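Read through the structure below, which is laid out as structure tokens, and then see the notes.
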Amino acid sequence: MSIDFKNDLNPAQYEAVMHTDGPVLVIAGAGSGKTRTIVYRLAHLVQSGVRPDQILLLTFTRKASLEMLNRAESILGRSLQGTSGGTFHSFAYKILRVNAHALGFDKGFTLMDRPDSENVVKEVKETLELGKGDRSYPKKSTLTDMITKSRNKELSVEQVLEQEAFHLTGYSDDLRAIATGYKQFKHQHALLDYDDLLFSFERVLLENPDILLNLRGRYRYIMVDEYQDTNRVQARLVKLIAGETGNVMAVGDDAQSIYAFRGANVANILDYPKIFEGTKIIRLEQNYRSTQPILDLTNTILDGAAQKFEKKLFTVKNDGPRPRLVQPLSDQSQANQVVDLILDLHRSRGYAYHEIAVLFRAGYHSYPLEVALGRVGIEYQKYGGLRFHEAAHIKDVLCYMRLIRNPTDKLAFLRVLEPIKGVGPKTAERIYRAKATGDEKYLKSITRKKPDLQQLLADLDVLRASATTPMNALEQVIAIYTPFLMLKYPDDYPKRQAGLEQLAQITTTYTDIDSFLADLTLNGNEEEEKTRDNKLVLSTVHSSKGLEWNAVIIIDLVEDRFPSRKALTKPDDFEEERRLLYVACTRARRELALFVPASIYNRYNGSTENTVPSPFVRELPAHLTEIWQESYAGGLRKKEGAPAARQSEADQDAPSFKSSKDPKKLGYCRHKIFGKGKIIAEIGSDKYRVNFPGFGLKVIVADYLELL
DNA sequence: GGAGAGGGCGTTTTT
DNA sequence: CGCCCTCTCC
């Protein structure tokens with residue numbers, strides 16, 4: 001079969017596909033056929049004689065790489081078996097797993113997920129006797145956050161506190177001690193967290209030339225997608241594996257960088273030509289996804305950015321409806337109106353459910369909508385938010401699996417013992433130590449008093465001796481675990497049992513337990529493929545990256561939610577929120593609706609609070625959207641002409657937002673009541689938006705502030 | 001050292 | 001409301 005590259009691609013795409021030798025940087029605007037370019041390049045490489053196993057494709061999710069490989073296979077009409085594709089983390093895992101000795105873990109290692117890390121941090125904190133009885137002491141999740149941030153950004157904990165959480169700077173000595181203890185604990189117990197995968201991988205490559213040369217020899221062509229969201233160590237890894245003359249294609253879009261919180265560094269894109277000498281830079285600017293009215297809006301969002309992007313996407317799809325701006329009276333009515341809109345799109349305009357997506361800033365924002373969808377019986381599939389494998393019962397079961405592979409996995413062991421009555425943390429710890437040192441005497445004495453403990457330990461031994469395939473192992477585990485499940489969740493154990501069945505389904509595709517466990521912790525939700533068919537999509541904006549739909553609905557576009565209040569600790573964060581909205585809007589092909597509820601119900605104090613429209617919405621000129629308002633009598637009314645911000649009473653409390661010209665200069669201030677705060681932005685000529693720890697974001701008149 | 005009651009507190013984003 | 005942490009009593 002021959003592929004008509006020239007005809008299927010535009011000139012810029014064609015150039016990127018044909019440029020196979022030497023480094024290329026493809027700056028690909030949203031919807032500009034980035035995936036298509038990668039897919040055709042894969043096909044072209046193989047067609048011109050490159051063996052599939054000489055290609056390495058690093059993407060942001062496993063799903064993305066599978067999709068690209070599949071598409072390349074279908075246009076090629078042959079298999080790409082052997083091509084290495086996946087995330088940096090999963091690739092690192094694959095290599096480290098067969099080279100565990102180089103890490104000093106001769107008996108292998110265990111991958112930690114986020115809750116594992118938090119638990120270790122907590123344990124370290126307790127052993128160091130830090131924060132005892134201090135209610136305001138940073139919580140384990142905060143501590144873990146800071147530790148992982150310091151690693152991802154490659155900064156000291158002091159620097160991270162300074163930048164991300166200045167109100168915690170007083171804890172920097174503690175945090176340093178905890179970080180050190182955390183590291184030691186991992187080393188002692190052969191544990192690797194997400195960050196270790198990357199850093200250990202780098203270390204192994206630097207210390208073992210044989211391993212490095214082997215990789216370099218094998219991977220002659222490397223492609224890295226979403227390059228704007230790589231962090232520094234990932235960039236170094238690419239360089240390392242590619243070697244001096246590497247054939248690397250990096251694809252990215254600086255305007256879509258949304259992972260700075262995790263250490264992603266846009267500078268990687270800018271520095272790429274410096275790192276790889278002779279880099280060919282190619283820009284893809286024609287948008288094939290969206291209609292012009294949608295692009296007008298997304299271009300405007302970028303226009304407001306403090307740092308300008310040289311980007312004006314264009315399309316030939318001039319027709320299409322203007323994006324809607326809908327203003328419900330509350331988040332409750334927002335949920336109902338979204339449902340109405342979905343029904344309308346589906347029934348009257350013929351969009352299949354899986355061609356419609358609802359996007360939001362944080363996982364819990366969709367809860368009211370999920371209830372409303374349930375009421376009318378629309379099925380949906382949710383991306384982002386809680387992870388399947390982190391649900392308590394799933395995690396319980398996975399810990400048994402971990403013990404099969406590594407009986408000394410302390411975290412797993414302690415967790416498995418948890419449901420035994422009369423065995424708390426201390427006793428569990430002693431049992432663990434007794435097992436490790438072979439202290440039969442203690443084991444005998446403790447098990448004599450507790451028959452169910454004895455039973456469980458015996459079950460574990462049998463399990464370890466007899467487990468074969470992942471499926472077989474899981475069946476045995478479920479048999480052991482089910483009594484505990486029923487005990488622990490008397491109300492909803494049937495539902496959780498169904499979850500275990502789902503897990504059992506997943507095991508069928510694996511032949512070894514290690515890769516089953518690793519895939520689960522590295523790929524998050526695995527079940528999606530099966531349930532995907534024709535369901536409405538709910539997704540966080542982050543998880544929507546790289547995807548597209550005919551109709552996109554974005555909800556909760558109000559201050560504190562989008563932009564997220566938690567995210568605004570420094571001026572750069574505000575810009576990232578803006579790019580996040582840009583990513584969200586550019587997912588839409590034809591229909592785009594932005595929802596701005598006037599009030600939101602607050603579950604923990606039971607009150608309904610008025611909102612202020614998101615600054616990004618207030619910035620939009622009226623002619624770009626079609627405005628729909630809910631009247632107090634119910635129902636939506638179309639509003640002609642005037643911009644959204646003009647009608648909003650919020651206008652008085654929150655004058656139109658302007659990013660400061662030099663946000664970096666803003667610094668700190670002091671307020672009589674709120675104390676020290678960080679200035680996020682200048683608003684108008686005499687007001688500031690300030691983040692006060694413990695009080696949140698406030699807009700304060702300059703006269704009341706003492707600048708520091 | 002463990003279990004259970006009571007109180008404070010607060011929901012970002014992900015590999 | 002639900003989680004997590006602390007306190008109290010066994």
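Predicted, not measured: the structure shown is a model, and the values here were computed from it. Each chain gets a letter, A, B and so on, in the order the sequences are listed, and its residues count up from 1.
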*From the list B:dT15, B:dT12, C:dC5, which nucleotide is the closest neighbour of the side chain of A:His89?*
B:dT15
*Name the nucleic acid region contacted by A:Val423, choosing base, sugar-phosphate or nothing; use a 4.0 angstrom heavy-atom cut-off, strictly under.*
sugar-phosphate
_From the set B:dT14, B:dG1, B:dT13, return the single nucleotide nearest to any side-chain atom of A:Lys149._
B:dT13
*Taking CG from A:Asp229 and C1' from B:dT15, how many angstroms apart are they, rounded to a whole number?*
12 Å
*Before accepting this row, confirm whether a basic side-chain N of the pair A:Glu202/A:Lys239 lies closer than 4.0 Å to the acidic partner's carboxylate O.*
no
*So what does A:Tyr259 hit on the nucleic acid, given a heavy-atom distance under 4.0 Å: a base, only sugar-phosphate, or nothing?*
sugar-phosphate
*Which one, B:dT15, B:dT14, B:dG2, comes nearest to the side chain of A:His542?*
B:dT14
*Assess A:Lys435 against A:Phe413: is NZ or CZ under 6.0 Å from the centre of the six-membered ring, and within 45 degrees of the ring's axis?*
no
*Name the nucleic acid region contacted by A:Ser543, choosing base, sugar-phosphate or nothing; use a 4.0 angstrom heavy-atom cut-off, strictly under.*
sugar-phosphate
*asked:* In whole Å, I'd like the distance from the CG atom of A:Leu359 to the C1' atom of B:dT12.
replied: 15 Å
*Using a 4.0 Å heavy-atom cut-off across all strands, classify A:Lys139 as base, sugar-phosphate, or nothing.*
nothing
_Proximity to the side chain of A:Lys140 - top-ranked nucleotide from B:dT13, B:dG2, C:dC5_ = C:dC5
*Under 4.0 Å between any heavy atoms, over every strand shown, what does A:Lys566 touch: base, sugar-phosphate, or nothing? Just pick one.*
base
_Given DNA chain B, 5'-ward residue of the pair A:Thr148 and A:Glu418, judged by closest heavy atom_ = A:Glu418
*asked:* Please pick, from B:dG4, B:dG2, B:dT12, the nucleotide with the shortest atom-to-atom distance to any side-chain atom of A:Arg361.
replied: B:dT12
_With a 4.0 Å limit, can you tell me whether A:Ser564 has a side-chain N or O closer than that to the phosphate oxygens OP1/OP2 of B:dT13?_
no
_Separation of atom CG in A:Leu517 from atom P in B:dT15, rounded to whole Å_ = 18 Å
*Starting at atom CZ of A:Phe562, determine the distance to atom C1' of B:dT12, rounded to an integer number of angstrom.*
11 Å
_Out of B:dG4, C:dC5, B:dG2, whichever nucleotide has its closest atom nearest the side chain of A:Pro425_ = B:dG2
_Side chain of A:Thr61 (C-beta onward), nearest among C:dC5, B:dT14, B:dT15_ = B:dT15
*Determine whether A:Thr230 and A:Leu237 make a side-chain contact, defined as any pair of heavy atoms from C-beta on separated by less than 4.5 Å.*
no
*Could you give the CD-to-P distance, from A:Glu576 to B:dT12, as a whole number of Å?*
16 Å
*asked:* When the P atoms of C:dC5 and B:dT12 are compared, how many Å lie between them, rounded to an integer?
replied: 16 Å
*Could you check which of B:dG1, C:dC5, B:dT12 has an atom nearest any side-chain atom of A:Lys426?*
B:dG1
*Roughly, in whole Å, what's the span from CD in A:Glu226 to P in B:dT13?*
19 Å
*Grab the OH-P distance between A:Tyr364 and B:dT12 for me, whole Å please.*
6 Å
_Close side-chain approach of A:Tyr259 to A:Glu226, heavy-atom, < 4.5 Å_ = no
*Please confirm whether the backbone N or O of A:Ile301 pairs with a side-chain atom of A:Arg578, one donor and one acceptor, at under 3.5 Å?*
yes
*Rounded to the Å, how far apart are A:Asn152 CG and B:dT14 P?*
15 Å
*Mark this stacking check for A:Phe88 against B:dT15 as yes or no, applying ring centres under 5.5 Å and ring planes under 30°.*
no
_Taking atom CZ as the centre, does A:Arg97 end up with more than 12 heavy-atom neighbours from other residues, nucleotides or ligands that are less than 6.0 angstrom away?_
yes
